[in-house]
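Naming convention: chains lettered A, B, ... in sequence-line order (proteins, then strands); numbering from 1 in each chain.
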There are 2 protein chains.
Amino acid sequence: MKVNFESLIDELKNKKIRLSHQRLKVLEYLTTNYNHPTADQIYNGLHDEVPTLSKTTVYNTLSSLLDAGLIRAINIEDNEVRYDINTHDHGHFKCESCKNIYDFNIDIDLFEADQLSGFEINDKNVFFKGTCRSCIADGKE
Amino acid sequence: MKVNFESLIDELKNKKIRLSHQRLKVLEYLTTNYNHPTADQIYNGLHDEVPTLSKTTVYNTLSSLLDAGLIRAINIEDNEVRYDINTHDHGHFKCESCKNIYDFNIDIDLFEADQLSGFEINDKNVFFKGTCRSCIADGKE
DNA sequence: TTGTTACTTTGTAATCATTACAACTTGATG
DNA sequence: CATCAAGTTGTAATGATTACAAAGTAACAA
Ligand SMILES: [Mn+2]
Ligand SMILES: [Mn+2]
Ligand SMILES: [Zn+2]
Ligand SMILES: [Zn+2]
């Protein structure tokens, strides 16, 4: 999955969201780090480059970007929210050994849950947990 | 979805988990309250009947029951974990208006994500968000 | 029935991610 | 360049969950 940084900036302009230095850095971080980072990882990852960045700003920025629909939040564990620059429908697999999160394609419209007829669905999420191939190869299951 | 309380007790015995008064009450609460309650809701719901119950015990109990596979945890929002006595594969729909969580049947094996070949999948989760039928009827979308 | 003991419960304190707030700073517009 | 609404920052508050140690109890055997 490839995300174009320039088109993200265009989207910010369209939505009248200011292109502050901090916001651009957070967006840049997310486009170059496809590993679904936490707010804390973003904060630490940017600290060398933007030493004055505050964690509150990271949270505020992520919140704005979420509202604008430029990113998505992933709740797999109860104690950590992860952020994804890829807003297309796709599934996530979290390896319980190495903790990595893998993307996978799904045809999410395969479930036309008839029990939900008359419901308005705004958001669809699919995630699996288990052990990834490389951890199995390493005998870490 | 119907869950038999007696068979849950048998499972506890099989797994050598003590049938303490508190654990039985938490299990009973979950079997009679199919609304995917939070730890706090369980605590408050049992308070009249078991005034000495502590919140720590609720958490401890839920943790044991999770380990034993008798219940499932649902992470839809980042700030609340909900618990489900129904451990069969099924999807969840959370209405963003009335906050209720609805179950729906899914054939989860429809996604055989080929990208996950060689991965060991232990846990599959599907949840949607949106507005439920009755909230739409009430014009609350 | 009683005694033993490991497991469980309880209240309190600690943890940790996230949010609230108010003073200060800055991007965008003309 | 001047203006000011919007954004940033550090600190304090919040709230769910966990850690811990003392007190209580379920299970089992005698
Ligand atoms: Mn992803
Ligand atoms: Mn359910
Ligand atoms: Zn792995
Ligand atoms: Zn509703």
Phosphate oxygens OP1/OP2 of D/dT17: is one of them under 4.0 Å from a side-chain N or O of B/Y59?
yes

Rounded to the Å, how far apart are B/I42 CD1 and D/dA16 C1'?
14 Å

Roughly how many Å is it from CG in B/N75 to C1' in D/dA16, rounded to a whole number?
13 Å

What do the steps show when you test B/F104 against B/F128 for ring-ring contact (aromatic ring centres under 6.0 Å, His included), and what is the final call?
CA-CA 10 Å; B/F104 62 90; B/F128 296 171; 5.1 Å; yes

Atom pair distance, as rounded to whole Å: CG in A/D40 and P in C/dC16
11 Å

Go through the steps for B/E80 and B/K94 under the test salt bridge (Lys or Arg N to Asp or Glu O under 4.0 Å), then give the verdict.
CA-CA 13 Å; B/E80 64 172 26; B/K94 175 158 186 177; 2.9 Å; yes

Just by protein heavy atoms under 4.0 Å, how would nucleotides 3-15 of chain D read 5' to 3' in B, S and -?
--BBSSBBB----

Relative to the ring of A/F119, is the ring of B/F93 parallel (under 30°), tilted (30 to 60°) or perpendicular (over 60°)?
perpendicular

B/D78 atom CG is separated from D/dT17 atom P, nearest whole Å, by 11 Å

Pair A/K55 + A/D40: basic N to acidic O under 4.0 Å:
yes

Please give, in whole Å, the distance from D/dA26 P to B/K25 NZ?
14 Å

Measure CG/B/L19 against P/C/dC7 and give the value in whole Å, please.
16 Å

Would you please say whether a donor-acceptor pair under 3.5 Å links the side chains of B/H92 and B/N125?
no

Would you kindly give the CG-to-C1' distance between A/L62 and C/dT19, to the nearest whole Å?
14 Å

Carboxylate-amine/guanidinium contact A/K129 B/E120, below 4.0 Å
no

Could you state the atom-to-atom distance from OH of B/Y43 to C1' of D/dT18 in whole Å?
16 Å

